[in-house]
Novice: 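Take a look at the following structure, please.
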Amino acid sequence: MENLSLNNEEVLFNNGNSQTGKRNDYLEWEDYFMAVAILSAQRSKDPAKQVGACIVSEDKKIVGIGYNGMPNGCSDDELPWVKNQADELDNKFAYVCHAEMNAIMNKNTYDVKDCTIYTALFPCNECAKLIIQSGIRQIVYLSDENKNKKSILASKRMFNLAGISYRQFESKRSEIVINLRQPEAH
Ligand SMILES: Nc1ccn([C@H]2C[C@H](O)[C@@H](COP(=O)(O)O)O2)c(=O)n1
Ligand SMILES: [Zn+2]
């Protein structure tokens with residue numbers, strides 16, 4: 001048993017755990033949800049931008065996860081991932097499903113009413129329509145890098161009219177490390 005140190009509020013172990021021994025450096029709920037969104041983005045084949053989204057119910061259950069990718073049954077190798085071709089049909093935008101749309105479509109509950117969607121990028125106007133129609137009530141986004149684009153201005157106009165809240169994600173942590181290999185046995 002590590003030495004205990006007393007302070008005014010509680011008995012702390014040297015490693016900072018509480019009297020009951022509970023860890024105190026566990027992931028906060030919102031860090032967890034945004035991390036799931038960002039992790040799922042790692043499945044995206046888009047060379048320019050990998051986006052993830054995670055839908056969470058009012059009782060903190062994850063009910064939908066998605067990332068940007070081509071529609072089911074449409075080969076990632078048949079459709080374009082480029083975006084600067086003269087012909088729209090040769091660019092990804094005509095085909096790619098956005099992370100928010102996939103998170104809604106992948107829902108594991110009857111509906112996503114009153115849920116919160118955690119997304120790496122502020123939703124475009126098309127996803128805003130889907131979010132509103134699905135009953136999601138709150139958006140938590142990591143980046144608003146496209147905030148001056150008309151699509152995002154349209155999203156915010158619709159969210160405001162529909163009374164749907166949106167706020168930027170903030171975390172005390174700068175990173176989370178996931179080790180996929182067992183540490184070498186000594
Ligand atoms: N809120 C968003 C915005 C964009 N996406 C997807 C759509 C594309 O695959 C990619 C953006 O490509 P870029 O214009 O940066 O070349 O991200 C999304 O899923 N959700
Ligand atoms: Zn979108």
Side-chain angles (χ1 to χ4, degrees), residues 28-76 78-83 87-171:
E28 300 293 336
W29 280 115
E30 291 218 317
D31 288 358
Y32 171 47
F33 299 140
M34 188 58 82
V36 168
I38 294 167
L39 179 62
S40 70
Q42 293 306 304
R43 280 287 307 152
S44 174
K45 286 49 166 213
D46 189 324
K49 178 73 71 182
Q50 303 83 44
V51 185
C54 175
I55 301 172
V56 181
S57 65
E58 287 180 292
D59 60 348
K60 294 189 172 58
K61 299 291 188 293
I62 293 175
V63 294
I65 301 176
Y67 57 89
N68 52 323
M70 295 305 178
N72 295 336
C74 299
S75 163
D76 296 323
E78 298 290 320
L79 291 172
W81 285 107
V82 294
K83 59 182 177 181
D87 184 347
E88 273 182 66
L89 292 177
D90 296 333
N91 291 321
K92 63 186 176 183
F93 300 114
Y95 311 103
V96 70
C97 299
H98 288 195
E100 301 90 319
M101 170 185 161
N102 279 333
I104 292 168
M105 296 304 290
N106 292 336
K107 66 179 172 45
N108 60 22
T109 52
Y110 175 73
D111 64 35
V112 289
K113 286 194 186 329
D114 300 325
C115 288
T116 297
I117 186 167
Y118 291 79
T119 178
L121 217 44
F122 198 94
C124 71
N125 63 305
E126 292 306 325
C127 290
K129 296 175 199 171
L130 294 171
I131 288 168
I132 293 168
Q133 298 302 86
S134 72
I136 288 170
R137 299 297 304 164
Q138 181 178 213
I139 294 96
V140 179
Y141 61 91
L142 188 62
S143 166
D144 198 7
E145 63 193 49
N146 299 319
K147 62 187 170 195
N148 296 319
K149 286 188 175 175
K150 294 249 194 285
S151 158
I152 303 306
L153 297 176
S155 296
K156 291 176 179 175
R157 186 174 185 182
M158 289 187 280
F159 287 146
N160 295 340
L161 285 170
I164 291 173
S165 66
Y166 48 87
R167 60 182 167 85
Q168 187 152 31
F169 173 73
E170 290 175 2
S171 172

Novice: Assess the residue pair Ile136 and Ile164 against the criterion (side chain to side chain contact (heavy atoms under 4.5 Å, CB included)); give the C-alpha distance rounded to whole Å, side-chain angles, the decisive distance to 0.1 Å, and a yes or no.
Specialist: CA-CA 8 Å; Ile136 288 170; Ile164 291 173; 5.6 Å; no

Novice: If you take all heavy atoms of Lys49 and Ser44, which pair is closest and at what distance?
Specialist: O-OG, 4.0 Å

Novice: Give me the atom names and distance for the closest heavy-atom approach of Leu121 to Glu100.
Specialist: O-OE2, 3.6 Å

Novice: State the CG-CE distance between Leu79 and Met70, to the nearest 0.5 angstrom.
Specialist: 5.0 Å

Novice: I need the Ile55 CD1 to Thr119 OG1 distance, nearest 0.5 Å.
Specialist: 9.5 Å

Novice: Could you tell me the separation between the CZ atom of Phe169 and the CG atom of Asp31, rounded to the nearest 0.5 Å?
Specialist: 4.0 Å

Novice: Can you tell me if Ser155 and Asn125 form a side-chain donor-acceptor pair at under 3.5 Å?
Specialist: no

Novice: Looking at every heavy atom in both Gly66 and Asn106, which two are closest together, and how far apart are they?
Specialist: CA-ND2, 4.1 Å

Novice: Are Tyr166 and Phe122 close enough that their ring centres sit under 6.0 Å apart?
Specialist: yes

Novice: Nearest 0.5 Å, what's the NZ-SG distance between Lys60 and Cys115?
Specialist: 12.5 Å

Novice: Provide the closest heavy-atom pair for Ala94 versus Glu88 in the form atom of the first, atom of the second, distance.
Specialist: CB-O, 4.0 Å

Novice: Any luck finding a side-chain donor-acceptor pair between Arg167 and Gln138 under 3.5 Å?
Specialist: yes

Novice: Do you know which two heavy atoms are closest between Val112 and Thr109, and how far apart they sit?
Specialist: CG1-OG1, 4.2 Å

Novice: Which word best sums up how the rings of Phe33 and Trp29 line up, parallel for under 30°, tilted for 30 to 60°, or perpendicular for over 60°?
Specialist: parallel

Novice: Side chains of Asp59 and Ser57: any donor to acceptor distance under 3.5 Å?
Specialist: yes

Novice: Return the minimal non-hydrogen interatomic distance between Lys45 and Asp76, and the atom names on each side.
Specialist: CE-OD2, 3.4 Å

